[in-house]
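Everything below concerns the one structure shown next.
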Amino acid sequence: MNYISFWQKWALTVVLTVLTGIVTAQETALTLDAIFASPKLTGTTPSKPVWAPNSEHFAFSWSKPGVSGRGLWISSKDGNEVRLLSNTESAPVRDMVWVNKNTIISLRGNHLWQTTLRKGEDSELMAVTEGAHNLSMSPNGKQLAYISKGDLWLADLTTKQNQQLTKIGIASLSNLGKGRYSRPEREIGPGIWSGPTYKWAPDGKQIVFHSVDRREMQKVPFPNYLAKETTPNEVRRSYPGDPNEIRRVGLLQLDNQAITYLDLPEPSANQIIDFNWSPSGSLLIDVASDTAVERKLFVVAPNQSKPREIWKGVRESRMYTSFGSCWHPDGQQVVFLSDMGDRYGLYAIDSSTAKNTPKLLTDPSYDVLSAPMNAANRLFYTGNGVNPYEQHVYRLDTSGGKPEQITHLAGQNTGYPSPDGQNLVVLHSNDTAPHELYVIPGKGGKAKRVTHSPLPAFTEQTWTSAAYVTFPSLVDDYTLHARMLKPDNMKPGKKYPVVFGPVYSNTARNRWAGNYSLVQQLLVKKGYIVVQVDSRGSNGYGRAFREEFLLDFADQDIEDYASAVAYLESLDYVDPNRMGIWGSSYGGTLSVYSLLKKPGLFQVGVAAAAAVDPVFFGTDDVAIVRTPQTHPEVFERKAIKYAANLQDKLLFIHGMQDHVVPFKTTAVLAEELIKQGKNFDFAFAPGATHGWSREPNYDRYLFGKLIEYFDRYLGEPSE
């Protein structure tokens with residue numbers, strides 16, 4: 001009797017254990033609510049690290065898993081000692097600079113805080129003007145510059161007084177204060193999409209700054225339906241062929257606050273990529289046309305104000321591209337990122353003359369992916385020398401030798417070298433791991449992890465790694481590349497639905513992509529195969545493949561997706577009758593045009609923030625479509641012309657405060673589809689901008705609509 005009782009108890013224990021495991025598994029299952037819960041599953045992404053001037057420590061803002069706000073953290077150069085320095089009761093850290101090897105100034109709310117390493121003291125130092133940002137310490141360590149409301153200010157760390165240095169800023173037209181184009185009428189700061197802000201001269205007597213004037217751009221109303229009464233919220237937003245921002249470089253003299261603007265070509269048609277001071281006080285200015293056709297480098301001699309052109313590059317076929325430059329460690333040469341060859345590379349040129357031919361410094365077999373970083377006698381940069389899907393940090397000793405790969409963690413690595421070049425902080429992520437900080441010796445070696453950001457609920461999940469595949473193009477001789485996520489434990493003989501997305505160029509990458517990665521993982525757990533294709537326009541495959549995108553949007557790149565569909569249909573575990581596509585911005589464009597130009601290629605499409613009318617592209621999009629005046633045929637390729645072709649399931653997603661792709665354009669296409677008697681669906685968000693996928697509440701709602709749509713039309717058929 002006791003023998004039977006023992007085994008009965010044992011069986012009951014096993015059953016309860018199994019049931020408990022099932023319940024636990026159900027409780028920890030990945031859901032849409034879990035993805036968008038607060039705090040975030042992935043925790044707080046650490047900020048860009050800032051090195052101490054003596055290279056012994058670096059600072060960053062971060063918080064431990066489950067802790068709100070951003071604290072000030074410090075790490076030793078080898079990553080062995082990591083600690084929180086800031087008062088936990090203070091506001092989140094928004095910016096930081098080193099005064100000296102022992103002292104950090106950080107911006108929290110509208111106050112500067114001073115933190116010392118040696119004593120571990122952290123105290124409020126002084127107030128600054130509202131909205132302060134972009135801190136920068138003066139060379140003598142006694143004053144700190146910042147930007148507020150479009151102007152430069154100076155905080156005296158001794159007297160605790162604030163001084164306004166410029167009177168350039170003019171407030172925005174927008175009364176809503178959200179969206180990409182809700183920017184000041186005039187300001188010191190970057191352009192709409194990129195550009196520098198300001199930098200101290202080495203002697204501390206001057207500041208070079210970037211002034212942006214938008215008053216010549218069109219006033220465009222974006223109705224605000226959430227106001228008490230509907231209001232036409234106006235922003236400055238022009239279209240291809242219209243006047244762009246006026247971007248100028250100014251020199252501010254600190255002793256008398258006099259400003260001299262440099263005479264640079266066509267400020268309404270050229271963007272300032274960057275500017276940098278040499279140790280001797282020469283100023284390097286990197287300029288490119290909005291069309292990307294022209295690239296120029298200028299140098300201004302010490303105590304002068306006349307730019308001298310040292311290099312010019314022109315290529316009519318150039319479109320979206322990467323630029324960057326810095327001074328060579330010798331202070332005489334200039335090192336710049338360019339696409340003169342088949343791959344992006346770093347080139348050096350003597351700044352003393354305009355007749356020298358640039359010399360290639362890097363390996364021509366792969367692309368350099370970042371501007372160069374100068375540290376001691378070394379140059380650091382990122383490149384895809386391992387394969388097109390990964391990004392690694394490389395070091396080039398300027399005294400001679402070939403570039404060396406420093407990072408070896410598979411995935412995406414962005415490096416921040418110490419001033420002495422002896423150590424490197426790396427921001428790393430991959431398919432299954434969000435961004436974390438690591439430390440690596442400057443000569444290469446084992447990576448030491450500094451931060452651990454995700455919540456326990458994230459680490460308890462099983463995340464699916466991607467496979468990277470190639471297949472032939474159906475229309476030419478290119479080999480195409482794709483990233484594929486497949487459900488775990490796939491059953492033999494079963495056919496699975498496929499979702500392409502988010503589609504865009506440069507998406508077949510081993511990296512963590514925030515909400516996009518979480519949603520992809522959820523789709524995989526629901527039984528979908530998720531695919532991303534590097535369509536033409538992507539880098540990593542040579543200049544010709546990249547530049548075929550010029551004037552050819554939503555055309556040959558769609559053929560790349562057709563080739564991908566053909567490849568997938570050849571796999572015995574893919575259901576050819578259940579294929580969907582989705583994307584946002586240009587990814588939304590691809591989704592719409594794929595359905596309208598190739599009916600039946602996909603059974604379902606979700607087009608978010610889709611640009612469907614090139615007439616309403618932005619002034620910076622002239623890099624890919626040029627202007628109606630020069631290339632009118634390109635601007636006739638509106639999606640509305642193909643509306644009659646719709647036969648597949650289509651869901652539009654759009655934010656009504658999207659300044660980049662106006663909601664109006666999707667509304668006009670929707671009207672034509674209705675007139676054509678076509679059936680489609682629409683999910684909109686009254687206050688969402690172009691960045692809807694990262695906006696609280698809107699992200700959960702709109703991704704919910706996207707997944708629900710795929711489930712309805714591609715999910716497992718009901719039995």
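Bear in mind that the values here come from a model prediction, so they are computed numbers and not experimental data.
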For this session: Could you walk me through whether Ser535 and Asp557 pass side chain to side chain donor-acceptor pair (under 3.5 Å), step by step?
Result: CA-CA 5 Å; Ser535 53; Asp557 50 0; 4.9 Å; no
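The pair Asp613-Lys638 counts as a salt bridge, with a side-chain nitrogen and a carboxylate oxygen less than 4.0 angstrom apart. Glu185 has no carboxylate O lying under 4.0 Å from a charged side-chain N of Arg215, or vice versa, which leaves the two without a salt bridge. In this structure, Arg378 does not pair ionically with Asp420, as no charged nitrogen and carboxylate oxygen lie closer than 4.0 Å. Ionic pairing of Lys664 and Asp658 is not present here: no N-O contact between side-chain nitrogen and carboxylate oxygen is shorter than 4.0 angstrom. Electrostatic pairing of Asp363 and Lys402 does not count as a salt bridge here, judged by no charged N lying under 4.0 Å from a carboxylate O. Between Arg536 and Asp552, no side-chain nitrogen of the basic residue sits less than 4.0 Å from a carboxylate oxygen of the acidic one, so the salt-bridge criterion is not met.
Residue pairs meeting the salt bridge (Lys or Arg N to Asp or Glu O under 4.0 Å) criterion with at least one member in residues 323-352, sequence neighbours excluded: Arg315-Asp339, Arg318-Asp339, Asp339-Arg546, Arg343-Asp367.
The heavy-atom pair separating Arg186 from Ile168 by the smallest distance is NE-O, 2.7 Å. When all heavy atoms of Ile285 and Ile272 are compared, the pair lying nearest together is CG2-CG2, 4.4 Å. Scanning all heavy atoms of the two residues, the minimum distance from Thr589 to Ala610 falls at N-CB, 3.7 Å. Gly415 approaches Met373 most closely through the heavy-atom pair O-SD, 3.3 Å. In terms of heavy atoms, Ala375 sits closest to Ser418 at CB-O, 3.5 Å. In plain terms, the two heavy atoms of Thr166 and Leu152 that are nearest each other are OG1-N, 3.0 Å.
Thr407 and His392 share a side-chain donor-acceptor pair at under 3.5 Å.
Ring-centre distance between Tyr146 and His133: not below the 6.0 Å cut-off.
Heavy atoms from other residues, nucleotides or ligands lying under 6.0 Å from CD of Gln164 number more than 12.
Of the candidates Leu424, Leu427, Val425, Val425 is the only one forming a side chain to side chain contact (heavy atoms under 4.5 Å, CB included) with Pro49. No option in Arg214, Lys149, Arg247 other than Arg214 meets the salt bridge (Lys or Arg N to Asp or Glu O under 4.0 Å) test with Glu187.
Counting heavy atoms from C-beta on, the side chains of Trp277 and Trp200 never come closer than 4.5 Å.
In terms of the side-chain contact (heavy atoms from CB on, under 4.5 Å) criterion, residue partners of Pro267 (sequence neighbours excluded) are, by chain and number, Ile246, Arg248.
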